[in-house]
S.K.: 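The following block contains the structure, expressed as structure tokens.
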Number of protein chains: 2
Amino acid sequence: MASTPKPAPAKGEQAAAPQGKPDRLDARMLETLVGYNARRAWLIVSAFFAERMAPYGLKQIDFSVLSLLAHNPGATSRQLCNALDILPPNLVSLVATLDSRGLIERRPHPHDGRAVGLHLTAAGEALIREAEQTVIQLEADASAKLTARERETLIRLLQKIYL
Amino acid sequence: MASTPKPAPAKGEQAAAPQGKPDRLDARMLETLVGYNARRAWLIVSAFFAERMAPYGLKQIDFSVLSLLAHNPGATSRQLCNALDILPPNLVSLVATLDSRGLIERRPHPHDGRAVGLHLTAAGEALIREAEQTVIQLEADASAKLTARERETLIRLLQKIYL
DNA sequence: TATTGTTATACTCTATAACTATA
DNA sequence: TATAGTTATAGAGTATAACAATA
């Protein structure tokens, strides 16, 4: 995922010879864009996530589903789709896998015969409890260059865009 | 892409009946995560981008390549890959398409016989000039709930994570 | 030997259409 | 008729291995 250690700019102001093949391209235009920056930052956090969550066998979407179920027992597939902005067909195999792993179970919905209530099993509860702690730590590490105050501000501003 | 207008919380403290199938699930845990929020915000901007840039026939990656070439004439595929964190095999067909559309052209690299210098054509220059203005506007619209000051802060904090 | 650009390929992610069973 | 869940499938996006030409 390229850490780009940044080999010290060194050049004071000079734009450098255009054909001179500088190691690092001028990306200043892209760096003024919220979309570009949000994606680049997300990619970094994702790399931390993939590495630290591999032991649990959880990808980001699995974690989100499990965490949502931990705080919303009995939620339906439809509700998960709405909450996570994913399409119903893409949730099917995901839920089936979590079920076959014994992390969740499907129970008939109390009020709607079409729907299925999703619940964490004891194993699912134990796993997500550990996983959430790991995610909290990985997030702290991925955003270590931010103060707690800055991190709160960052999240608040991101939410002003999508919430 | 779900606008989720937020129907006003209203409930003071109560956790609500777990099985009661609330329209909106409790996602407060996920909403404390930088990764989750960055992705959700990026998704919103992406939707604006896809809609407004469709007339130009440019996806985000195409725009990034063209914009980078506008400010770094003669850049190589390898440099674009490094700058955008994409893999060389995935850039090949992309560059080939931009070439066949007459937006860029490949010239032999002055100092390295293996490399190819990528340059915008006049048509490519004209297109990216317009496209950049459209992106600037779409970004402003997508982040309309932020003040100019907040938008700067957001970008600065995102860059502290990945730069 | 290392690097640039490339082909082929595979795996994941995301999207659409259509079906079933309930409501 | 509308909705929940599902199937099948198609299309992006992303990844690895291996090769030819050049350094």
Side-chain angles (χ1 to χ4, degrees), chain A residues 1-2 21 23 25 35 39-40 42-44 46-47 49-51 53-54 57-65 74-100 104-118, chain B residues 1-2 19 21-23 25 35 39-40 42-44 46-47 49-51 53-54 57-65 74-100 104-118:
Chain A
M1 215 45 38
K21 192 189 175 186
D23 274 36
L25 296 180
R39 180 169 152 79
R40 294 300 296 249
W42 174 72
L43 247 19
I44 295 296
S46 292
F49 193 103
E51 182 187 338
M53 298 300 279
L58 296 181
K59 282 177 288 191
Q60 297 189 55
I61 188 64
D62 302 305
F63 172 81
S64 296
V65 166
T76 67
S77 290
R78 183 64 51 167
Q79 288 177 306
L80 293 175
C81 284
N82 290 340
L84 297 172
D85 249 329
I86 61 178
L87 270 1
N90 299 330
L91 189 64
V92 175
S93 66
L94 205 151
V95 163
T97 301
L98 293 176
D99 189 356
S100 73
I104 67 174
E105 55 180 29
R106 322 183 201 205
R107 302 190 200 151
H109 190 96
H111 305 313
D112 189 335
R114 297 167 302 178
V116 188
L118 269 16
Chain B
M1 219 38 50
Q19 308 283 41
K21 192 187 176 189
D23 275 36
L25 296 180
R39 180 169 153 78
R40 295 301 295 249
W42 174 72
L43 248 20
I44 295 295
S46 292
F49 193 103
E51 183 187 337
M53 298 300 278
L58 297 180
K59 282 176 288 191
Q60 296 190 56
I61 188 64
D62 302 306
F63 172 81
S64 296
V65 166
T76 67
S77 290
R78 182 64 53 168
Q79 286 177 305
L80 292 175
C81 284
N82 290 339
L84 296 172
D85 249 332
I86 60 177
L87 269 1
N90 300 329
L91 189 63
V92 175
S93 67
L94 205 150
V95 163
T97 300
L98 294 176
D99 190 357
S100 73
I104 65 173
E105 55 181 28
R106 321 183 204 205
R107 302 187 200 151
H109 189 97
H111 306 313
D112 189 334
R114 297 167 303 181
V116 188
L118 270 16

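So you know, we letter chains A, B, ... as the sequences are listed, proteins then strands, and number each from 1.
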S.K.: A:Pro88: what forms a side-chain contact (heavy atoms from CB on, under 4.5 Å) with it, not counting sequence neighbours?
M.R.: A:Arg78, A:Cys81
S.K.: Partners of A:Asn90 by side chain to side chain donor-acceptor pair (under 3.5 Å), sequence neighbours excluded?
M.R.: none
S.K.: Between C:dG5, D:dT6, D:dA15, which nucleotide has the shortest distance from any of its atoms to the side chain of B:Leu87?
M.R.: D:dA15
S.K.: Calculate the interatomic distance between B:Gln79 atom CD and C:dT4 atom P; express it in whole Å.
M.R.: 9 Å
S.K.: Is a donor on one side and an acceptor on the other found under 3.5 Å between the side chain of B:Asp62 and the backbone of B:Lys59?
M.R.: yes
S.K.: Which letters describe nucleotides 18-23 of chain D, given B = protein heavy atom under 4.0 Å from base, S = only from sugar-phosphate, - = neither?
M.R.: ---BBS
S.K.: Would you mind reading off the distance between A:Leu118 atom CG and D:dG5 atom P, rounded to a whole angstrom?
M.R.: 8 Å
S.K.: Respond yes when some side-chain nitrogen or oxygen of A:Arg106 is under 4.0 Å from OP1 or OP2 of D:dT6, and no when none is.
M.R.: yes
S.K.: Rounded to the nearest Å, what distance is computed from the CG atom of residue B:Asn90 to the P atom of nucleotide D:dT16?
M.R.: 10 Å
S.K.: Expressed as a whole number of angstroms, how long is the span from A:Arg78:CZ to D:dA2:P?
M.R.: 15 Å
S.K.: When the distance from CG of A:Leu84 to P of C:dA15 is rounded to whole Å, what number comes out?
M.R.: 14 Å
S.K.: In whole angstrom, what separates B:Leu43's CG from C:dC13's P?
M.R.: 14 Å
S.K.: What pairs meet the salt bridge (Lys or Arg N to Asp or Glu O under 4.0 Å) rule with one or both residues in residues 88-97 of chain B, with sequence neighbours excluded?
M.R.: none
S.K.: Rounded to whole Å, how long is the line connecting atom CG of B:Leu80 with atom P of C:dT6?
M.R.: 12 Å
S.K.: Separation of B:Gln60 atom CD from D:dA12 atom P, in whole Å?
M.R.: 15 Å
S.K.: Check the orientation of B:Phe49 and B:Phe63. Use parallel for under 30°, tilted for 30 to 60°, and perpendicular for over 60°.
M.R.: perpendicular
S.K.: What residues form a side chain to side chain donor-acceptor pair (under 3.5 Å) with A:Glu105, not counting sequence neighbours?
M.R.: A:Arg107
